[in-house]
Amino acid sequence: MRVPQSWLAELLGELPGVDDVAEAFVRVGFEVEDVHRAPEITGPLVVGRVREIEELSGLKKPIRWCRVQVGPEQVNGIICGARNFAVDDLVVVALPGCVLPGGFEISARKTYGHVSDGMICSATELGIGNDHAGIVVLPPGTGEPGDEARPLLGIDPADPDAVVELDVNPDSGYCFSVRGLARELAASLDREYVDPAGWYYVADGDGEAWTVRLDDPGCARFCARRVDGVDLAAPSPWWMQRRLLAAGMRPISLVVDVTNYVMIELGQPLHAYDAARVSGPIVVRKAAAGEKLTTLDDVVRTLDPDDLLITDDSGPIGLAGVMGGATTEIAGPGAGGTVDVLLEAAHFLPAVVARTARRHKLPSEASKRFERVVDPELPPIALERAVQLLVQHGGGRDTGTRTDVGAAPARRPITMALDLPDRVAGVEYPSGATTHRLRQVGCDIDLLLGADGAGSVQVLPPSWRPDLTQPADLVEEVLRLEGYDAIPSVLPSAPPGRGLTEGQRRRRAVSLALAEAGYVEVLPFPFVGPSTWDAFGLPENDARRRTVPVLNPLDADRAGVTTTLLPGLLEMLARNRSRGSVDLALYHVGQVTLPHAQPVPMPDPGVHDRPTDAEYAQIKAALPAQPLHVAAVLAGNREPSGWWGSGRQASWEDAVAAARLVGRAAGVELRVTKAELAPWHPGRCAALRVGDWVVGHAGELHPKVVEALELPARTCAMELNLDGIPLTELRPAPQVSPYPPISVDVALVAGADVPAAELADALADGAGELVEDVRLFDVYSGEQIGEGRRSLAYTLRFRAADRTLTSEEANSARDAAVAVAADRYGVTLR
């Protein structure tokens with residue numbers, strides 16, 4: 001929101017310097033985006049009158065050669081590309097020698113076959129606004145050719161007018177107006193404030209301005225006024241154009257400028273109809289399926305049944321609170337060169353307008369205000385102000401008729417202890433500070449005295465502050481206006497603690513272990529939709545498909561909280577691949593949400609009293625399980641290529657190794673067994689177990705999943721339920737034997753379907769306490785072994801803690817290991 005300092009001064013009287021004004025806004029919670037001081041322009045800047053216009057042909061863009069009178073007897077030729085001016089219009093001309101903002105020096109130069117002796121200026125080039133679509137056209141009578149232009153533009157060095165640009169908070173919709181900002185500035189400077197809405201008397205009407213019917217609760221109030229005989233050729237007064245330019249809006253015509261001016265001044269969006277083009281009564285209703293509307297931007301829009309419409313007998317004539325329709329636009333004068341104007345001021349529900357504006361990708365200044373709540377008591381006042389301006393500057397005739405259908409929502413009083421702001425802030429404010437500040441906000445206050453002698457106030461919030469609904473909101477207003485800097489920063493004394501819990505230590509150890517192994521931690525999006533599970537190839541009855549829905553999702557296609565970390569991780573992997581990263585190893589440690597098979601209803605306890613024990617128990621029972629998981633994904637090379645040789649592509653073994661690494665960091669040795677579980681490849685998937693309990697899976701993703709998610713070939717992943725691994729508070733330090741080991745190799749012929757990991761477990765079980773490690777080092781299959789069989793070669797390392805082993809002891813342990821393997825899986829020595 002851009003607001004000129006002179007406009008604020010009109011409501012508050014003389015103001016301090018613009019820097020002090022900006023600081024005053026910051027004190028009451030606003031963010032100052034920028035301070036636009038009066039532009040520095042040196043050299044001749046004058047009023048010019050356009051005498052001739054020649055359209056140059058044969059060029060790639062429209063160019064005009066203009067003869068402009070810039071003095072009593074001086075006419076200059078100037079090249080200009082703008083098309084919003086005509087012969088006899090008054091314009092602003094920078095003559096050679098003038099230096100515009102940004103150090104842009106004007107000189108005579110030859111271009112397009114003519115000498116351009118100056119420049120016709122736009123608001124952007126002059127530094128007085130954001131509009132660069134057309135040049136500044138001054139109203140007739142503003143000045144004479146050759147007159148100094150700076151005083152007219154408000155950039156006179158003797159009387160500069162700065163513009164403060166503010167970032168208005170979403171819950172402060174009333175501050176999208178000079179009325180609201182002046183109130184906030186008055187509170188910050190502790191000045192008296194007179195509401196400009198009280199300047200305009202609304203009398204009883206002499207009949208209806210138009211028949212209006214409200215068929216949908218999305219419109220709470222609809223007001224209309226009619227002004228006949230408005231001269232469309234009448235220009236907007238220059239003071240109005242100057243303020244619109246400073247606020248970032250381009251002057252267009254008197255009717256449009258008046259509606260925009262009142263919107264910026266008071267905060268109430270208005271819409272003007274050509275009364276001759278409105279047929280029958282106006283009805284506010286929802287759209288029917290398939291209805292269409294051509295909006296003022298000449299776009300034909302197919303309407304949604306959720307869209308709120310302004311209609312007449314011909315059908316839709318406007319999107320409520322967003323944009324009007326082309327069929328009732330004031331396109332030109334009627335008989336006698338005038339037009340009868342029907343003005344609308346309404347109060348629409350914010351959510352209805354917000355959905356419509358987003359659905360049609362049609363943001364507007366009106367919708368920006370309606371989305372943030374407009375004062376429901378303002379429509380008749382804003383109409384009165386607009387009617388006055390049209391009568392005064394457009395020669396219109398006030399018909400005296402008024403339509404006011406519906407009503408402003410009732411305001412509800414709030415009772416608050418008088419000392420509540422002091423207790424919340426920990427500050428003893430001066431006597432009367434609470435009532436003083438709440439009156440500055442616009443509240444009506446009644447003092448109450450309780451039976452115990454404690455004082456309280458009954459506060460009726462103003463109509464423009466629907467966000468004030470409870471005592472905490474009033475406390476915030478008092479603290480904000482008194483100044484957050486007045487609240488002392490006192491750090492509470494920290495009680496002695498016990499440090500990190502075992503679970504916290506384990507989480508950090510796991511994360512550190514993966515990072516040290518070359519994995520990069522990411523924070524993926526935690527929401528999923530049905531399409532993700534379809535891509536994963538999960539059956540319809542898979543428990544992972546049952547997610548907890550989000551009531552207000554960021555993405556309608558992903559409205560459930562994920563039950564596994566893999567969707568977000570794989571999305572991050574694909575995103576990084578699309579940005580040029582080829583070799584990736586990503587991980588994430590986070591919670592998943594697992595709903596109960598039989599959901600328990602969540603209670604809704606009040607906030608006035610502590611929940612009962614039964615409510616606490618029901619809340620805990622209703623909360624879904626949220627175990628901590630760790631997951632990792634790999635793609636590309638796990639070992640890079642270089643002068644030392646070719647790289648090694650990441651494979652399912654790396655995913656299993658990552659899971660084993662996590663297990664060791666968590667204090668357990670995971671067992672690996674064969675498994676089948678989507679989205680992994682059925683022949684390259686391992687179950688990860690603690691004892692016989694499955695805590696996760698690892699392996700290579702199924703090719704169909706890789707194709708559906710557009711992932712690199714042979715993408716691998718692992719996921720573990722970290723909370724499923726038991727915590728061990730005391731971990732015994734590993735014993736290191738000072739005696740040498742003995743390594744023995746065995747080659748076993750087994751069926752091709754016997755998992756190598758399970759065979760290794762059998763060897764370890766049979767070898768007894770002396771075995772230190774069992775490692776697979778070779779796999780062979782061929783004619784010598786036989787069809788359907790393969791040879792698995794293992795190295796068994798033996799070591800004793802108290803002596804040097806003999807060969808006989810090692811061989812005996814090896815034979816025992818082979819015997820157990822043969823008994824379980826029918827293997828034979830090769």
Side-chain angles (χ1 to χ4, degrees), residues 358 361 507-508 510-538 544 547 550 553-592 628-659 661-662 678-681 684 696-720:
R358 283 158 178 74
K361 296 184 174 67
R507 176 172 182 162
R508 293 191 179 190
V510 166
S511 183
L512 182 60
L514 286 171
E516 289 176 340
Y519 290 80
V520 177
E521 185 175 15
V522 294
L523 298 175
F525 196 61
F527 307 115
V528 294
S531 61
T532 301
W533 308 131
D534 295 339
F536 273 29
L538 302 189
R544 288 170 291 176
T547 59
V550 180
L554 298 175
D555 185 345
D557 294 331
R558 293 186 286 182
V561 186
T562 186
T563 55
T564 166
L565 299 181
L566 290 184
L569 267 178
L570 293 174
E571 181 184 0
M572 296 290 280
L573 186 142
R575 185 177 302 167
N576 280 275
R577 288 274 300 187
S578 69
R579 285 157 176 76
S581 297
V582 178
D583 304 323
L584 292 165
L586 310 177
Y587 80 96
H588 176 55
V589 184
Q591 289 179 313
V592 297
L628 185 68
H629 280 210
V630 56
V633 294
L634 304 100
N637 284 345
R638 186 66 180 126
E639 296 176 2
S641 59
W643 59 266
W644 52 84
S646 60
R648 181 180 65 81
Q649 187 177 15
S651 66
W652 64 269
E653 296 99 326
D654 294 297
V656 173
L661 178 65
V662 170
W680 284 278
H681 192 298
R684 297 168 186 166
H697 292 82
E700 182 181 316
L701 297 182
H702 196 286
K704 290 184 178 180
V705 176
V706 170
E707 180 182 2
L709 297 178
E710 299 182 354
L711 299 172
R714 312 299 291 270
T715 298
C716 303
M718 77 86 182
E719 182 169 10
L720 288 173

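No hydrogens, no waters, no symmetry mates; every other heavy atom, side chains included, goes into these values.
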Do His588 and Leu523 come within less than 4.5 Å of each other through their side chains, counting heavy atoms only? yes

Has Tyr587 got a side-chain atom pairing as donor or acceptor with Ser511's backbone, closer than 3.5 angstrom? yes

Is there a donor-acceptor pair under 3.5 Å between the side chain of Ser578 and the backbone N or O of Arg575? yes

What are the two closest non-hydrogen atoms of Ala632 and Leu569, and how far apart are they? N-CD1, 3.9 Å

Closest non-hydrogen atom pair between Leu566 and Ala631, with its separation: CD2-CB, 4.2 Å

Under a 4.5 Å cut-off applied to non-hydrogen side-chain atoms, are Leu573 and Pro712 in contact? yes

How far does SG of Cys716 sit from CD of Gln649, to the nearest 0.5 angstrom? 7.5 Å

side-chain contact (heavy atoms from CB on, under 4.5 Å) with Val589: which of Val662, Leu628, Leu720? Leu628

Report the distance from atom CG of Leu584 to atom CG of Asn637, rounding to the nearest 0.5 Å. 11.0 Å

Quick one, Phe527 with Asp555, criterion side-chain contact (heavy atoms from CB on, under 4.5 Å). Give me CA distance, side-chain angles, the key distance, then yes/no. CA-CA 9 Å; Phe527 307 115; Asp555 185 345; over 6 Å; no

For Glu719 and His629: C-alpha separation, side-chain torsions, deciding distance, then whether side-chain hydrogen bond (donor to acceptor under 3.5 Å, both in side chains) applies. CA-CA 7 Å; Glu719 182 169 10; His629 280 210; 2.8 Å; yes

Should His681 and Pro703 count as side-chain neighbours, where that means a heavy-atom distance under 4.5 Å? yes

Tightest non-hydrogen contact, residues Pro567 and Val528, listed as CB-CG1, 3.7 Å

Residues two or more places apart in sequence or in another chain: which of them pass ring pair (Phe, Tyr, Trp, His ring centres under 6.0 Å) with Tyr519? none

Could you walk me through whether Leu711 and Val633 pass the side-chain contact (heavy atoms from CB on, under 4.5 Å) check? CA-CA 11 Å; Leu711 299 172; Val633 294; over 6 Å; no

Which atoms form the tightest heavy-atom contact between Leu586 and Met572, and what is the distance? CD1-C, 4.1 Å

From Thr562 atom OG1 to Arg544 atom CZ, the distance as rounded to the nearest 0.5 Å: 10.0 Å

Supply the atom-to-atom distance Leu570 CG to Glu710 CD, rounded to the nearest 0.5 angstrom. 13.0 Å

CG of Leu701 to CZ of Phe536: how many Å apart, nearest 0.5 Å? 7.5 Å

Contact summary for Val705 and Ala535, nearest pair of heavy atoms: CG2-O, 3.5 Å

So do the side chains of Val582 and Arg577 get within less than 4.5 Å of each other, counting heavy atoms only? yes

Using a 6.0 Å cut-off, check whether atom CZ of Arg508 has over 12 heavy atoms from anything other than its own residue. no

What do you reckon, is CD of Glu707 surrounded by more than 12 foreign heavy atoms closer than 6.0 Å? no

Could you please spell out the steps behind the salt bridge (charged side-chain N to carboxylate O under 4.0 Å, His left out) verdict for Arg558 and Glu571? CA-CA 13 Å; Arg558 293 186 286 182; Glu571 181 184 0; 2.9 Å; yes

For the student: nearest non-hydrogen atoms of Ala655 and Gly699, plus distance: CB-N, 3.8 Å

So how far is it from Leu709 CG to His702 NE2, rounded to the nearest 0.5 Å? 13.0 Å

Close side-chain approach of Val561 and Thr547, heavy atoms under 4.5 Å: no

Trp680 side-chain N/O to Ala717 backbone N/O, donor-acceptor pair under 3.5 Å: yes

